[in-house]
Amino acid sequence: MKVIFAGTPEFAAVALQALHEAGFEIPLVLTQPDRPAGRGMQLQPSAVKQYAVKHGIEVLQPLSLRMDAKDPQRAAEAKAAHERLLATDYDVMVVAAYGLILPRSTLDIKPCLNIHGSLLPRWRGAAPIHRAIESGDAETGVTIMEMEEGLDTGPMLLIERTPITPQDTTASLHDKLAAMGAQMMVKVLHKMEKGVVEAVPQPEQGVTYANKILKEEAALDFTQPAREISRKIRAFNPFPGAHGEVNGTVIKLWGAEVLDEGSSAAPGQVIAADAQHGIIVACGEGALRLTQLQKPGGKRLPAAEFIKGFPLDGQRFQ
């Protein structure tokens with residue numbers, strides 16, 4: 001089976017590697033254009049492009065796939081990409097975190113399958129891993145689905161589940177789901193080769209949308225219950241990084257433990273900040289023991305190390 005692959009970040013690169021190592025012929029890879037990154041803002045290729053180039057796979061990087069784009073350059077690149085797809089001998093397109101909309105003109109060429117990091121129809125959209133943790137879901141998983149013009153609405157070919165542990169962050173769950181989705185896609189393609197794969201429509205009930213993560217969401221409100229704040233800290237790790245403010249200094253919070261004990265202290269008040277108790281902060285309900293923090297320009301540090309250079313005793317998070 002010949003597979004065109006479309007994806008951009010590390011989540012997608014894991015799937016590309018799995019398909020390549022499973023022996024599928026990959027005549028072409030689509031990925032987003034190189035982006036500025038790092039302190040020097042040098043153009044950096046995506047994780048998918050890096051893998052493709054290393055293994056001699058042709059790469060196409062159009063700004064858009066919409067031939068009706070208003071911008072002439074985008075429209076021209078989309079037309080060229082469409083012609084390239086029509087000229088390529090392939091059986092299926094596999095899409096994983098590509099980041100560009102696939103128009104009807106692309107979807108109509110050959111079947112397009114997507115690796116989606118949620119248990120559809122829950123968490124359709126851009127940030128399913130973040131939102132699952134933030135909302136306190138007990139489990140998540142990966143759905144392999146056929147793509148159509150609707151947002152993650154296509155019929156499902158395979159779905160597998162995994163629990164969300166109290167220690168899971170978006171970073172750890174991302175890696176878990178990336179590996180899971182890669183192997184699931186290999187399994188589905190082998191079934192397609194044998195003609196034994198079955199498409200099941202998504203349930204009409206239980207639809208939710210995982211909106212794109214905005215940086216301003218990462219500012220914590222300590223009047224909320226400790227459990228909700230803890231989930232936000234885990235959901236926004238590694239991006240955009242949950243934070244609070246102490247005396248005008250923004251402090252990123254990368255880890256916390258929920259304490260059910262009550263406190264008469266005002267929400268955000270640091271109840272303790274010492275080697276014996278750690279850093280304990282009052283919340284609207286319960287309290288949090290902060291375990292890993294970072295000040296501007298500094299490194300992520302365990303609480304005991306952090307307070308050596310940034311005393312918090314008697315302070316209050318805003």
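Within 6.0 Å of the CD atom in Gln17, the count of heavy atoms belonging to other residues, nucleotides or ligands exceeds 12. The neighbour count for Ile109 CD1, taken as heavy atoms of other residues, nucleotides or ligands under 6.0 Å away, is above 12. Open room surrounds CD on Glu204; 12 or fewer heavy atoms of other groups in view lie less than 6.0 Å from it.
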From CA spacing to verdict: side-chain contact (heavy atoms from CB on, under 4.5 Å), Thr143, Ile115: CA-CA 6 Å; Thr143 305; Ile115 303 173; over 6 Å; no
CA sep, side-chain torsions, deciding dist, call: Leu119, Glu139, side-chain contact (heavy atoms from CB on, under 4.5 Å): CA-CA 9 Å; Leu119 302 173; Glu139 64 175 0; 4.0 Å; yes
Check against side-chain contact (heavy atoms from CB on, under 4.5 Å), His82 and Leu65: CA-CA 7 Å; His82 182 71; Leu65 292 175; over 6 Å; no
Salt bridge (Lys or Arg N to Asp or Glu O under 4.0 Å) between Arg227 and Asp260, worked out: CA-CA 9 Å; Arg227 293 190 183 281; Asp260 292 325; 2.9 Å; yes
Side chain to side chain donor-acceptor pair (under 3.5 Å) assessment of Asp221 paired with Thr223: CA-CA 5 Å; Asp221 177 4; Thr223 65; 2.6 Å; yes
side-chain contact (heavy atoms from CB on, under 4.5 Å) evaluation trace for Val94 with Leu19: CA-CA 10 Å; Val94 169; Leu19 296 178; 4.1 Å; yes
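Checked against a 6.0 Å centroid threshold, the rings of Phe24 and His20 do not count as neighbours.
Salt bridge annotation for Glu160-Lys187: present, with a cationic side-chain nitrogen under 4.0 angstrom from a carboxylate oxygen. For Arg231 and Glu134, the salt-bridge test fails: no basic side-chain N is under 4.0 Å from an acidic carboxylate O. Between Arg84 and Glu58 there is a salt bridge, since a side-chain N of the basic residue sits under 4.0 Å from a carboxylate O of the acidic one.
A donor atom on one side chain and an acceptor atom on the other are not found under 3.5 Å apart for Ser46 and Thr8. There is no side-chain donor-acceptor pair under 3.5 Å between Thr140 and Asp137. Side-chain contact of Asp34 with Gln44: a donor-acceptor pair under 3.5 Å is absent, judged by distance alone. When only modelled atom types and interatomic distance are considered, Arg234 and Gln167 share no side-chain donor-acceptor pair under 3.5 Å. Side-chain contact annotation: Ser64 with Glu77, donor-acceptor N/O pair under 3.5 Å absent. In this model, no donor atom of one side chain and acceptor atom of the other lie less than 3.5 Å apart for Lys299 and Gln294.
Side-chain atoms of Thr170 do not come within 3.5 Å of backbone N or O of Phe236 as any donor-acceptor pair. Side-chain N or O atoms of Asn237 include none that pairs as donor or acceptor with a backbone N or O of Thr169 at under 3.5 Å. Without hydrogens or angle criteria, Arg124 side chain to Asp152 main chain gives a donor-acceptor distance under 3.5 Å. Here the side chain of Arg74 pairs a donor or acceptor atom with the backbone of Leu63 at under 3.5 angstrom. In this structure, Ser135 contributes its side chain and Arg131 its backbone to a donor-acceptor pair below 3.5 Å. The main-chain N or O of Ser172 is never found under 3.5 Å from a side-chain atom of Asp175 such that the two would form a donor-acceptor pair. Glu146 contributes no side-chain N or O that, together with a main-chain N or O of Ala199, makes up a donor-acceptor pair within less than 3.5 Å. Within the 3.5 Å criterion, the main-chain N or O of Glu217 finds no donor-acceptor partner in the side chain of Lys232. Here the side chain of Arg316 pairs a donor or acceptor atom with the backbone of Pro267 at under 3.5 angstrom. Looking only at distances, a side-chain donor or acceptor of Thr31 sits under 3.5 Å from a matching main-chain atom of Gly7.
At a threshold of 4.5 Å between side-chain heavy atoms, the hydrophobic network of Ile, Leu, Val, Met, Phe, Trp and Tyr places Val188 and Tyr98 in two separate groups. One hydrophobic cluster, built from ILVMFWY side chains closer than 4.5 Å, holds both Leu288 and Phe306. When the side chains of ILVMFWY residues are joined at heavy-atom separations under 4.5 Å, either directly or via intervening members, Met184 and Ile164 end up in a single hydrophobic cluster.
For the pair Thr291 and Glu257, the minimum side-chain heavy-atom distance is below 4.5 Å. In this structure, the side chains of Val281 and Gln269 stay at 4.5 Å or more apart for every pair of heavy atoms. Inter-residue side-chain proximity for Thr249 and Phe310 is flagged as met; some heavy-atom pair is nearer than 4.5 Å. Side-chain contact between Pro201 and Met156 is absent, with no heavy-atom pair separated by less than 4.5 Å. Leu293 places none of its side-chain heavy atoms less than 4.5 Å from the side chain of Arg300. Phe317 has its side chain within reach of Val270: a pair of non-hydrogen atoms, C-beta onward, lies under 4.5 Å apart. Taking the side chain as every heavy atom from C-beta outward, Ile26 and Ile4 never approach each other to under 4.5 Å. Under the 4.5 Å side-chain criterion, counting only non-hydrogen atoms from C-beta, Leu113 is in contact with Leu189.
In terms of heavy atoms, Ile144 sits closest to Gly181 at CD1-O, 4.1 Å. Annotation for Ile213 and Ala127: closest pair CG1-CB, 3.8 Å, computed over non-hydrogen atoms.
The line from OH of Tyr90 to CZ of Phe5 is 14.5 Å long, rounded to the nearest 0.5 Å.
Here side-chain hydrogen bond (donor to acceptor under 3.5 Å, both in side chains) pairs that include residues 106-115, with residues two or more places apart or in two chains, are Arg104-Asp108.
Through chains of ILVMFWY side-chain contacts below 4.5 Å, Leu151 is grouped with Val207, Tyr209.
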